[in-house]
Structure formats: C-alpha cells, structure tokens
Protein chains: 2
Amino acid sequence: MQQNANLTDRLSRRLSLFLFLFLITVLVQAQTITSPDKNLSMTFELAANGVPTYQLTYKKKPVIKQSKMGFEMKDVPSMMNDFTVAKTEQNSVNDTWEPVWGEQKTIRNNYNELLVTLNQKEHKDRHIRIRFRLFNDGLGFRYEFPQQPELKYFIIKEEHTEFNLTGDHKIFWIPGDYDTNEYAYTTSQISQIPGLMEKATIDVHAQHPIKTLAVQTPSMMKSSDGLYINIHEAALLNYPAMNLNVDPKTFKFSTHLTPDAVGNKGYMQTDTQTPWRTIVVSDKATDILASKLILNLNEPTAYEDVSWIKPVKYIGIWWEYFVAGKSTWAYGKETNVKLTDDYTKLTPSGRHGATTENAKKHIDFAAEHGFDAVLIEGWNIGWEDWFGNWKEEVFDFVTAYPDFDVKEVQKYAESKGVRVMMHHETSGAATNYERRLHEAFQFMQDHGYNSVKTGYVGKIIPRGEHHDGQWMVNHYNYVANTAAKYKIMINSHEAVRPTGLHRTFPNWLAQESARGTEFEAMGGLAPDHATILPFTRLMGGPMDYTPGIFQTDLSYYHGGEQRVNTTLVKQLAYYVTMYSPLQMAADIPDNYTRFPDAFQFIKDVALDWDDTWVLEAEPGDYVTIARKAKGKNEWYVGGITDENTRTANVRFDYLPKGKTYIATIYADAKDASWNKNPQKYTVRKVLVNSKSVLKQQLAPGGGVAVSVKEGSKQEQKGLKKL
Amino acid sequence: MQQNANLTDRLSRRLSLFLFLFLITVLVQAQTITSPDKNLSMTFELAANGVPTYQLTYKKKPVIKQSKMGFEMKDVPSMMNDFTVAKTEQNSVNDTWEPVWGEQKTIRNNYNELLVTLNQKEHKDRHIRIRFRLFNDGLGFRYEFPQQPELKYFIIKEEHTEFNLTGDHKIFWIPGDYDTNEYAYTTSQISQIPGLMEKATIDVHAQHPIKTLAVQTPSMMKSSDGLYINIHEAALLNYPAMNLNVDPKTFKFSTHLTPDAVGNKGYMQTDTQTPWRTIVVSDKATDILASKLILNLNEPTAYEDVSWIKPVKYIGIWWEYFVAGKSTWAYGKETNVKLTDDYTKLTPSGRHGATTENAKKHIDFAAEHGFDAVLIEGWNIGWEDWFGNWKEEVFDFVTAYPDFDVKEVQKYAESKGVRVMMHHETSGAATNYERRLHEAFQFMQDHGYNSVKTGYVGKIIPRGEHHDGQWMVNHYNYVANTAAKYKIMINSHEAVRPTGLHRTFPNWLAQESARGTEFEAMGGLAPDHATILPFTRLMGGPMDYTPGIFQTDLSYYHGGEQRVNTTLVKQLAYYVTMYSPLQMAADIPDNYTRFPDAFQFIKDVALDWDDTWVLEAEPGDYVTIARKAKGKNEWYVGGITDENTRTANVRFDYLPKGKTYIATIYADAKDASWNKNPQKYTVRKVLVNSKSVLKQQLAPGGGVAVSVKEGSKQEQKGLKKL
C-alpha cells in the first residue's frame, strides 16, 4: 500500500496547497486600511463576479456602504467585472509641503495608501490599478491604467463609481449640468431632490441640465447622526468633470461624466489615470472647511520659477455694467459687427465704460488706496453682439475700442504703480481663443499686463463640446500653462469647477465656477448662499467671488427693488470667509469714498496666509474663520450668518500667548439687516489677547469682520480690553 | 352726367394703373440674361407661392430645367417661398486679369450679370439677393444676405438649390461623403447610381458616406445629345462644402451641405453670401477643361506681396514608404508614444526613412537634377501610433526624431541650393494644429523651409466635425492665410476639394483632395482615372497628384502583384495633363537614374504657363493638352488614354508661324501597355512648325509627352521634319 499511501499523501499535500492558495486569494480579495488617526477605515473588496468595491467608515459609523467601481468602454471590453486581485501594496506618507500661496504656509500630507492591481484574465491579463489614499480628513481614490500590450488607447462610455450613502442625508445641491455651475443652491433631503429639480433648474446662460437625476460636485451632505460628508474630485486633468447620478430611494450616487460632441466620455492613452474621487468626512463641520485633502491629492507645482506669481487685490470697471445703468461693455450702437469692421465708423452709444478717462480715474483710485490692479472689461472690440449667436470670431483680444488707448492707459498705470488686469472674454469660442492665444499673451506682455480674467459665457465652440467636458478641461489647463510661459496669472470665469489644480498651476489664481456677486444684481443671492459656498464650490479652490459691495440697495442707481442681500459688514467678512489670493473690491469707487472707515478693512485685509482657523461653521447657517497674514503679525477674522441673526463666537486663542493686540471690530449695527439698514455698522477698536473671546451679534444676513494688529503702545493706550 | 363720366374716367385710369403695375410685376418676376456669345441663356423666375427658380439653356437646348432655390433655417423663418422681387439689376463685365501662376498668363473675365433682390413681406421685408453671372462657358450664381435689421445671425438647416437635369446623363461620380474625396470614380448613367453606390463606397480612411443618395462635386456629366455639364462650386469660404443629392428617377440634383458636430449646416452673419454654384456647359469636352469660370468667380489675390510665391518641382522621401518596404515614417518599434516621451529611449526599428543621411542623399539628387525642393515625411516625432485613435496631440511639428538633424539637413540643403519641404501631418486633429500653428511656422521660417505639405488623415478633431464642414473649411483657409504671413506655401492633403481659392490665396499651391498616386501602391488606380480627374477634381484647382512613377511594376521591390496601372510615358504626360504649379517626381531617385532619357522630360517640363490649349479630350477616355512655358519659347504636350490604345492628334498650330522648333517625343513602345512592358518607350527628336500634326499611337493605359524648344541651328541640323 506504500504506493497508495504516497498517492494519498501527495493528493493531501496538493489539496492543502489548493486550500492555502484559496485562502490567500480570499484574503487578498478584501483589504482594509485605516487613516493615520484610526478614525477612518476603508475596505476594498472584490464582490461576486469579480466586481471591485470599496466601503468607508468614520468612527465605526458607515459613511459609504459597499459601492461598486468600474468602467464601460466604447471600443474595448468593459472594466466592470471579471477582475481578480493580482497584487496589493500598502504605503504610508507623512510629510509637509509649502504652497506658493494659500490658507496655510505649511500643509501636512499624511495618509495610508492601498494600491490594488486588478487583472482581467479573460482579456489577456489586461490590468488596472486602484489607488486609495486614506487621510484623517477623508478618502481619495483613483483608477490607474498602466501601459500594457492589451491596453493602449480606449474610449470611456461611462465611469461607474458608486457612492452608496447610508441614508436620506441633508444635501446642499445644484442640478447636474454639462455647461454651468452658476445655479442657486437648494437645501433638502436626498429623497426630496426629484420634487425640487425643476424649480432648481433656473435659467442660466448656456446651460445643459442632465436629463436624468443628477447633482454637481462638490456635493455637501449631512447625515441625521451628524456626519458631514463632501464628495468631489481632485486633479481633474485630461478627463471630463464628474456629476453625480442620484438614486433618491436607495441614496446611491454614481459618477456621470460630461460627454463630448459625439457622446464619448474620455479619450484615454495608457499610462494614464482618472482624477481622484474624494470623500471628505468628519463629525465637525469646521473640519470640512479645514480639509487639505484635495490639495494633497494634486501634484506639486509644475513651474520652476514661481517668483512672479503674487496674490492680487483689485478694483475694476465692472460693477457699473450691472448696476449703474450708465455704462456698457459695448462701444457702438450697432448690433451686427465683425472683427474686420472699422470701429471708428460705428455710432458711439455714449455709454461705453472702458474709456481711457474712466480707466485713469480707476487707476488713480487704485493707486491712492493701495490696490494692485484695475480690471477693465469692455476695452476690446466685439461686445456689440458678443453673446447668443454661437459665433466663433467674436473677439481678437488685441484690438481696443477707439476710445480706449492701451498705451496711454498702460503708461499711466505704470506711473502710478498699478497694474491693469486684462480681460479675455471668449464668448465660449475656445477654438478662437486658442488660435489667438499666443498673440493675445504676447500683447499682454508687450503692454505690461500680468494677469487676465478669462470668460466663457455662451455655448462652447468646438460646437457640441461642453464647458465641463474633457476637451474644455484640457483647454483651461492649456491656457493656464501657456499663460505661465508669459508669466501671466489667470482668473477664469465660467470654467469647469476647480479641483485643487492651483497647487500644480499656481498662476491659476482663482475661478468663478459658481453663482457670484454679479447675481446680486440679477435677482439676488439667498442670504445663506455664502455660508454654503465654502462647503461646496470652495472645496476645489479659490473663487473670484468679487465681494465688497457697499451700496447694497441698488435702487440707489435707478429705482427698482433690486438689492444685494447682505449687510455691508457681511461683504467685509467675505474677504476672510471666502478664501482667495485674488480679491476684488467690486463696488464702484465712489461708494468706498462714502464709507472710508469700513473701506479700511478691505485695504488692510491680507490675501495670503500663514495659518487659518475655522472657528465655527455650519453649512447653510454660518461660517467664522480667522487667519494670520503671511509673514506678518496681523490676523483677520470674518464671520457670516444666513438670514437669521446670531451671535458669533470669535476666539483669539491662536494669538501668541501673553501679548496684547489691537482688534478693530467691524460689526452690524443693532437695527441692521440684509433688507433693512444694511449700511448701518459700527467700527470699534479694543485690546485682545489669546484668551479673549468676542461674542458678536450678527444681523440677519449680516456678518462681522475683525482685524488684529500689534499697534504701538501709543496706539494701544486708551483702548479698552475686549 | 358730368360727374359720373368723371368717376368712370377715374376708375378706368385707376384700373389701367393697376393693370400696368400688375404687368410690371409679372415682367419683373421672370427675367432672362444671355451669355456674351449668346449661346447660354438663363431665366430667373418666381414660381407659384413666391418660390425662386432658375433655368439654363445652351444653344437653345435645356441644360437645367426650372429649378428651385432656397434655404431652410434652424432659428429664423425659412427662405423657401413667399418671396417677391423687389429689384433686378443687370451688369456686364469684360476684362482680363493675370494670375500669380497658372495655365494662362492672362485670363478673360467676361460675363453678363443679373442681380435679383427678393423680399419676404411676411417677415418684415427681410430680403436676400441672388447674383447670377452668365459666362460663355457657363453659369455661376450665389445667394447674398445683406445686413438688415431683420437678418443678422442665422443658422442654415439646409440649402435647397436644385439642379434639375434634363435626362439620364452619363455621370462620372464618387459617393457623397462628409470626410473624404479619395474614392475611385464610377462611370454610369444617373439612373444606375443607386445600384452601384454600395460597390462605389469603398473603404477609405475616416470616411463618412452620406446615408441618402448623393454624389460629390465637381460632378461631370454628359447628356445623350452631347452636352458636357459640370456642376461644382467656387470660392468656398466660411461655408460647408456641397454634395449633391441625386434623384435617380427625375434626375433632379440638389444641394446637400456638410453638417457640423451638432447637425447644423452653416453659421451665418450678414453681410455675407454663399459660395458660387457653378454649371460649366459646352458641346465640346475641351471647353470644359479650358473653362476659367471658377477662377473668375473667385476674388483677386488677398496678398499685397506675392513675389515669394513660386511654383515648386520636388522629389521626396515618400514613395519608399509605400513600396520599398524598407522604410517607415515611424522611428521607434513601440506603438504607444506621447509627445512628452524621450524618443532617444525608444527602440529604433532600423527602418526609419527620414534620417539625416537619407535626406542628404535626396538633396544631392535634387541639386544634381535641378529640383527646387525635397519633401521629407516622417522627420518629426509621433508616427509610432499616429493614426486611428482619434488622438489629439499626435504631433508637435517642431521636434525631430533622434536620427534627423534639422539644422544639419537645412545647412546641407542650403549649401546645395535646394529647399526642404516641411511636412505637417495633423492626423485630423485640426485643433492641435491650430494651437501650435504659429510655433510650427516660426520653426519653418527659422530653419529655411518655405513650403509645407499638410495632411488630415483621420477623424477630425474638433470631434464630430467633418473634413468638408464649415469649421474645417475655415481651418484650411486660416492655415493658408497664416502661412502667407510667414511666406510659406501650402500643399494640403485630405482637405476639402478646391474651389478656385488659389486665385485669392496663391500660396495655397495645390491640394490632394482626390485619389492620387499613393493608391497605385494600394490596389491601383483604374487606367481611365487620370482622364476623369481633369473633368472633376481639377476643375477646382491644382492637384498634388505626385506623378512620375517609372518603376510601375511594384513586384520589383518585394514580389507580389501590385503595379502602377500606367506606362512609364503616361507618367510623363501627367506633368502636362494634370496642371499644377507644384509637381513631384514621386519615384525613388534610383529609378530615375535607370531611365535618364525619360527623366529628362520631368527635368525640363515647366510649372507655370503663358498659355494652354486643350487639344482633345473626352472624360473617361483621353486628354491631350499643350502648354507654353511662362516667359519661354518652350511648349510641352501631354496626352493620355484610358485602358484602350488610341492615336493622339497633337497639333502644333499654337507655335509662332513660320518658325521651326525641335520636338522631343516621348512615346510608348509599340508593344507597351499599362500591364505589359510599361517601361518600353522611345524618345525621338523631330522638327515641327505651326502646321505640324503628330499622330501618335498611345499604348493601352499609355500616353505621349512632347517638349518643344527652339534649339540652335546646330541642334536642329540633321533632324527630320515630323
């Protein structure tokens, strides 16, 4: 029986080997990592049929239930299932880095990483990777497509990444759309979205609402058990922007990419990857605002020399186009013009805003009050019929109207130590802009401009493309990169929502990409709007919100009922609550002259920071933030509320211990509110130290702004302690 | 009764006034003009419901029966009917002009014009104009849209211009297509098109055949009663190219414009117009080839300085990519590359054609034999996976492969008095080309290139756009115009078919836009192909046909059955029958060295002409043309036949009377044919004068070429009279 025993033995050995392998496989199919602080836990698991899934918990509460991941392809087999785990790797990083500009001088980058390599045997071992990075403030993950014989080029039909939420959360949302992010926010439960979608889909220029139920990112949610969850993306490069399909019954969200002109959703060439899908989580709303996860998931700056990149505080010939009724972007009365027309032969309307004279007046004001730059919109030919015709060659970016002398204005600005900010409205014709881009930037360099506000109002050309599609994503990045070659800083309007790319391209100072101050002149913004923005739009990067409207009652200009729905002080607070290295004092200069004491805060406030403390925050209700000016012993605090009055709790515990400072407190007057006495405020100086706490009443739709400076003993003398 | 009489009188006067007005209206609704020689007659008429129509007769025979004209719009009311005639104007022009280069030094422009202004009362007197120009060789007409309050911007859904033919003509056609014109011709009756369409729609890269029955222009037809009719268009600017819908039962053709990515067919801004719709007519086929109608309908040159624009005779590193099997455009073995790759790290295939060494060899040959330039394809990085992936950034147009030293090649070429011709393959990514265009042209200027062959192989980017749509039409024109700023000449391949724009933009020397010599290496061209091209593709402008293949049996290189379907002599004749200011000697230099006597004709033949005589021609059968070299007492004759042998009748009556010249006659040998002994030929010298007539036997698929020079008495001595 020796032989048989041998056989049994061998069979048994083989069996155990098989069992062992099986166990290994099972083990490998599911893998868990935790955040450095152990609060977050993420599990990757291959479900039945080899479907990749992930799930996320925070302090043992589920945040994202098991959720599928994968891709449908147009031209190659799908990547939805039939995967096996070929390899898993773990890695930990804990370091710091310094942004060129930002809310903090130093940013900590601390995460545990799981890299899963997935194989599709049926497709000749075609493989992809999913890289998870779990930070203390949330999860980021992306798909990676390595170079391999079986995967060179492919076209994405749809990405199917799910975010399987745990319940009917409260959500701050705007409708999913391929072209605009300038909707007003709706606050509701997820289950209420279907009933509210039609009302939420207000008219916005060149909109393309998604036909199925979808919302945009950054998507801010709050669960009934107090978890704050923010879903967005980081490092959106060479890929379409993501919307989120909403299932209002199961609370399952899933990716809905922006299609191109022929319905495709991404042209990929290996080695490549998707942007990071980000889930920022905490049980404290302030942690959401303090999160640097999205920035950490972006690549370091791509530029060797960044010395020319500077934050900019500016005024502009702009708000008068919306409110004063006296001026227009257009010069001529005619409404059918071509770039080849002789503009000196047009009939001047007499209402053109961007004249040499008006430019000089603004330069004078900027110089007097220490602004870096003056934005001049409407300086260049083409505005007579710039919008609504899907016209390609609307602007040439280099030809001034007959009443605007580029050289004279530039000379004047230079003599006053002020920059002129260029304006490149494209009317959505990105092709026209690209073919003229070098000439346009060369013109800027030749005439001393070092920053440009770009605009994409209108349907995109290439026709059929969308503002948020892969082609346009590449366009914005191309413009920012090309601008860097000319040492030009960019402020893009109507572009795709930001995803932290300003870390990599720090000359891309700010974007609009949301409903900003201009809408205060076109129906008004809800009083809670600016308490939501930091939790949504600003998660991706700085916004050119253009605050600083002092004359909030717009009937001042020509009657009517239109008003900016804030108090004057709330406008001051925005300079702190709405972080941006680019800040406009958007009102007409005359209005600042009428309120010199309040204007002082705008003149003082910093644009770049050593550190930031989110003191208190609740989306839709209030935000209070303190920041320390970069390289200076100065602190600025901004606090805002929604339509309700409230008492802000302004701590000063970030001040160096044992020292006394002068705090200038800009506060709403007692009887002020966004719709009554919005311009009534008080300015008082008090002494503070690290133990001080300011309990400040904010008016309905109001705010508080505080500047903290050392001041000489002389200056401190006579001031009371807080 | 005085009062009653008065009343009757007044009523009667009113009635006559009414009748008179009515008659005037009727008279004005139909208006006829004739060509200067009275052979052609064109009638414009408003049909029932105010539908504009036109009809055309030649020597009293109907050519185009009453045919409707009009437009369906996307965003404004249609322009199909409800027109009244507001005004008609007539005008006559008879003058001459000189092209920068061409088939004739002086071109006569002689036409009678009818300009009809049409009104749509229902649409607030919205009005358009139709301008008819009737030449001795045919009719041109276009729609004009003047600036007016009721018409500023509009989008065309379809142009509905009809060409109502009189019968079941013979037609030389290729399938209607939005993207390619590189089909082989089919000769059939109109009624046979449906049955032949599927077979005719052969595979061509990036094709987009029209789903309904349609053919391309230039559309060449012959009626059963011997009328030759050619329908095409002139001055295709800012408008999509036209295909022709075919009704195979009524023989009614109608315009089918190329749509854009979203299905629109033209974005228009008044003041504007369509291209000219052209109908060249004669009872002599030779008149069709001699017609200058399309050129006359184009605008004079747009450039002030044209001194830098010169015809070019060139060789190239090109044919070896198709036949020799030894070389490739690509350098590396890898098939997944990016512009950012380090190409020195690729694995060289060892078969790269565009090496510095090979370039120098070609430059030597060009210099030795008096060629102006050497085209070098495959010099720049990106060819490893350049085609088929709808990839945008395939080429950068400025980075050479590691084995091609731009500076060294340029220096060498300059020392030999030869230019290098640049090659800009775009892979269809027009957006990529536009954004890099200035850099690419600057690179050319910096390195001494003055001409470029452009290519558009592949699906167009902007995705969804087509090669022949309005956006791409504008692109090609933009490239030609921008090139002029750098004093660069253009030779565009895979671009929209030409429409005489080389009059306006004479640096746009030639185009491909049809099935050219390259297809001889990919299945072969039919022996009648080149007898059709002058009646079709060449009606619009010069073609870079790349003739001159001496080694026609391609099994010479590596076996197989592939051959060029002509005799060697027919290849010589092409230099005259295929008019172009840009002529390639396309074969591999070694093959010319083997046939130095035949090669002499290519070296001698002119590129620019004082005059041209179409001696005999029949589409699909034969073409014989004589031309006088510009500014020289030299004449060149080319005659070709289809698959049948024939006797060409070469007259010399254009020679100055009373003088004797030396004619060098390159003829097929007696036993030669396109598929047997194609390289057997004779070269003989004889004396000719204006009374001489050469009766020359052409082999099946053969030709004849003749050069006529004065020669010294010494040279003439001993030569026989023809």
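All chains are named by letter (A, B, ...) in the order of the sequence lines, taking the proteins before the strands, and each is independently numbered beginning at 1.
- Contact count versus chain A (heavy atoms, under 4.5 Å) is highest, among B:Tyr433, B:Phe154, B:Trp390, for B:Trp390.
- Contact of A:Thr270 with chain B is made through backbone and side chain together, with heavy-atom distances under 4.5 Å.
- Considering only heavy-atom pairs separated by less than 4.5 Å from chain A, the leading option among B:Ile155, B:Thr431, B:Asp75, B:Asn264 is B:Thr431.
- For A:Glu392, the part lying near chain B is the side chain, with the backbone staying farther off; criterion is any non-hydrogen pair under 4.5 Å.
- Within 6.0 Å of CD on B:Glu299 lie no more than 12 heavy atoms contributed by other residues, nucleotides or ligands.
- Neither the backbone nor the side chain of B:Thr482 comes within less than 4.5 Å of any heavy atom of chain A.
- Within the model, atoms CD of A:Gln269 and CG of B:Asp385 stand 5.5 Å from one another, a figure rounded to the nearest 0.5 Å.
- Comparing B:Glu434, B:Glu465, B:Arg435, B:Lys391 by heavy-atom pairs within less than 4.5 Å of chain A, the highest count is held by B:Arg435.
- Of the inter-residue distances, the one linking A:Gln442 atom CD with B:His438 atom NE2 reads 11.5 Å to the nearest 0.5 angstrom.
- Of all heavy-atom pairs between A:Arg463 and B:Asp260, the closest is CD-OD2, 3.6 Å.
- For NZ of B:Lys157, the number of neighbouring non-hydrogen atoms (other residues, nucleotides, ligands) closer than 6.0 Å is 12 at most.
- Atoms CG and OH, on B:Asn336 and A:Tyr153 in that order, are 5.0 Å from each other to the nearest 0.5 Å.
- The candidate from B:Ile461, B:Asn474, B:Asp271 with the greatest count of non-hydrogen atom pairs under 4.5 Å with chain A is B:Asp271.
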